[in-house]
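Take a look at the structure set out below.
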Amino acid sequence: MTSGFHPVFSKSTKTLILGTAPSVTSLKKQEYYGHVGNQFWPLFTSFYRLDPLSYAERCQKLLEFQLGLWDVYNQFQRIGSSDQSFVSTTVNTFDSHFLREQLSLIIFNGKRAAKEGAKQAFFTDKLTLTCPSTSGANNAQAHVREQKWFQAYQLHEHIRKSSLAKFHLFFGHSDTLKQAVFALRQEVFVHEQQISELDEFDWRDQTEDTNYFLVTSTDFSPVATIRFQTLSPTTVQPDRFCVQSDYRMQHIGWDLLTLYELYASFHGFHTSILSAELTAIDFYQKLGYHTSGDSFYEDGILCQKMTKKPKNCKNG
């Protein structure tokens with residue numbers, strides 16, 4: 001069995017990029033993505049507008065931008081370098097390295113890495129993205145690959161530069177996550193705004209495929225949440241969006257909704273439609289939403305329909 005590399009990470013790493021295992025060329029050079037045809041480093045240096053650098057300098061820059069590198073496989077037997085040629089594998093133990101770290105995002109480099117990662121309990125409720133493989137064998141998809149990696153880097157940059165960098169970030173629908181989300185919504189919507197529980201907790205909260213963004217403090221107390229809801233293959237509807245009273249006026253809501261839109265855009269959604277309380281219209285207008293139609297009552301609160309078509313930006 002061949003052993004993979006040690007991870008490239010630090011205690012400030014916010015995003016971990018995971019491939020499958022080093023190629024034959026990478027093993028010879030003892031470098032992540034060492035094959036000349038692999039586009040990982042060209043995409044990284046292009047997004048961050050870096051001059052040509054040595055491998056050690058690239059890794060240092062990676063850490064400066066709070067990114068980390070590793071692979072899902074610890075040991076492996078493979079004929080060749082493709083993801084289809086693994087004969088046997090053992091998976092890295094992620095908990096021992098990263099549970100104590102402030103990881104907010106996982107970017108899987110290719111479908112094989114994502115498929116393996118989906119089996120690991122560590123990635124439950126982690127915000128994850130699957131980008132097209134940077135392998136030279138995938139160069140026929142160069143345009144799509146570049147777009148997706150740049151969107152992923154843009155999302156990472158939003159997290160590390162925004163208020164969200166000070167908190168823990170989760171995404172998913174596990175029982176533990178939903179318990180925290182529902183407790184926050186109970187506090188904000190039911191107790192503060194006097195919305196009935198029957199109206200607040202609807203059928204979507206009972207389905208197993210409804211996902212939620214959750215921001216928590218360093219002691220894992222819920223700070224902000226928003227439900228990820230789709231209306232069509234091109235349209236999302238952010239709803240059940242709230243921030244705990246002690247954390248308002250700190251830009252958390254703004255940054256969380258922007259993260260929501262970037263995540264939706266990565267997955268091919270280009271329109272966002274929401275119901276805004278009349279007192280929140282100014283907030284949403286500053287984020288690029290526009291009012292449409294007449295006001296209406298929703299859960300006993302006067303609301304206004306608002307729409308936004310998020311812009312895709314190639315570079316951060």
Side-chain angles (χ1 to χ4, degrees), residues 14 102-105 125 127 155-173 176-202 204-205 210-229 236-265 272-291 295-308 310:
K14 302 298 295 183
Q102 303 266 338
L103 286 178
S104 295
L105 175 65
D125 293 337
L127 184 62
L155 202 150
H156 160 74
E157 283 297 294
H158 174 71
I159 292 172
R160 83 178 187 95
K161 290 181 177 180
S162 71
S163 66
L164 302 177
K166 299 181 294 183
F167 302 95
H168 295 293
L169 179 65
F170 301 93
F171 179 80
H173 57 264
T176 301
L177 184 145
K178 289 170 69 174
Q179 184 178 7
V181 166
F182 292 171
L184 180 55
R185 284 167 48 185
Q186 182 83 18
E187 176 184 345
V188 174
F189 292 122
V190 177
H191 294 312
E192 286 187 30
Q193 299 188 8
Q194 299 296 301
I195 295 174
S196 74
E197 289 188 4
L198 290 177
D199 288 331
E200 171 57 29
F201 299 101
D202 59 16
R204 294 182 182 87
D205 291 320
T210 298
N211 290 308
Y212 308 83
F213 283 93
L214 174 66
V215 178
T216 76
S217 61
T218 53
D219 66 357
F220 297 101
S221 300
V223 168
T225 186
I226 188 169
R227 187 167 68 178
F228 193 84
Q229 181 177 328
V236 291
Q237 183 176 12
D239 74 339
R240 302 308 195 260
F241 178 28
C242 63
V243 179
Q244 204 270 344
S245 58
D246 292 339
Y247 292 92
R248 291 169 194 162
M249 308 303 293
Q250 297 182 36
H251 226 265
I252 297 169
W254 182 295
D255 291 331
L256 179 57
L257 183 56
T258 301
L259 175 69
Y260 184 111
E261 293 169 356
L262 290 170
Y263 179 82
S265 180
S272 179
I273 298 176
L274 54 80
S275 298
E277 298 176 20
L278 295 191
T279 55
I281 286 178
D282 182 61
F283 167 81
Y284 289 112
Q285 285 178 329
K286 290 178 181 177
L287 273 164
Y289 284 82
H290 302 280
T291 59
S295 58
F296 57 94
Y297 281 93
E298 184 173 289
D299 300 334
I301 297 176
L302 195 58
C303 296
Q304 176 71 55
K305 190 70 69 180
M306 303 191 76
T307 303
K308 178 182 181 180

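This structure is a prediction, so every number in the text was calculated from the model and none was measured. Sequential numbering from 1 along the given sequence is applied to the chain's residues.
- Without hydrogens or angle criteria, Asp202 side chain to Arg204 main chain gives a donor-acceptor distance under 3.5 Å.
- Annotation: side chain of Leu155 is in contact with side chain of Leu259 (closest heavy-atom distance under 4.5 Å).
- Using a cutoff of 4.0 Å between basic side-chain nitrogens and carboxylate oxygens, Asp255 and Lys166 are not scored as salt-bridged.
- In this structure, Leu103 CG and Leu169 CG are separated by 11.0 Å, a value rounded to the nearest 0.5 Å.
- The aromatic ring centroids of Tyr260 and Phe241 lie 6.0 Å or more from each other.
- In this structure a side-chain-to-backbone donor-acceptor pair under 3.5 Å is present from Thr258 to Trp254.
- His173 has its side chain within reach of Asn211: a pair of non-hydrogen atoms, C-beta onward, lies under 4.5 Å apart.
- Closest heavy-atom contact between Phe167 and Thr216: CB-O, 3.0 Å.
- Classified by interplanar angle (parallel below 30°, tilted 30° to 60°, perpendicular above 60°), the ring pair Phe213/Phe171 is tilted.
- Lys308 has its side chain out of reach of Tyr284: every pair of non-hydrogen atoms, C-beta onward, lies at least 4.5 Å apart.
- Ser275 and Glu298 share a donor-acceptor pair across their side chains, judged by distance under 3.5 Å alone.
- Between Leu127 and Ser104, the closest side-chain pair of non-hydrogen atoms is not below 4.5 Å.
- When Arg185, Arg240, Lys178 are each tested for a salt bridge (charged side-chain N to carboxylate O under 4.0 Å, His left out) with Asp205, only one passes: Arg185.
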Please lay out, stage by stage, how Glu197 and Gln186 fare under the test side-chain hydrogen bond (donor to acceptor under 3.5 Å, both in side chains). CA-CA 8 Å; Glu197 289 188 4; Gln186 182 83 18; 2.7 Å; yes

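- The minimum heavy-atom distance between Ser217 and Tyr247, with the atom names listed, is CB-OH, 3.7 Å.
- For the pair His156 and Ile159, the minimum side-chain heavy-atom distance is 4.5 Å or more.
- Two residues are said to be in side-chain contact when any heavy atoms from C-beta on lie closer than 4.5 Å; Cys242 and Thr225 meet this criterion.
- Applying the salt bridge (charged side-chain N to carboxylate O under 4.0 Å, His left out) test to Asp219 and every residue at least two apart in sequence or in another chain returns nothing.
- For the residue pair Ser163 and Gln250, the shortest heavy atom distance occurs at CB-O, 3.8 Å.
- Using a 4.5 Å heavy-atom cutoff, the side chains of Leu105 and Lys14 are not in contact.
- With contacts defined as side-chain heavy-atom distances shorter than 4.5 Å, the pair Tyr212/Thr210 qualifies.
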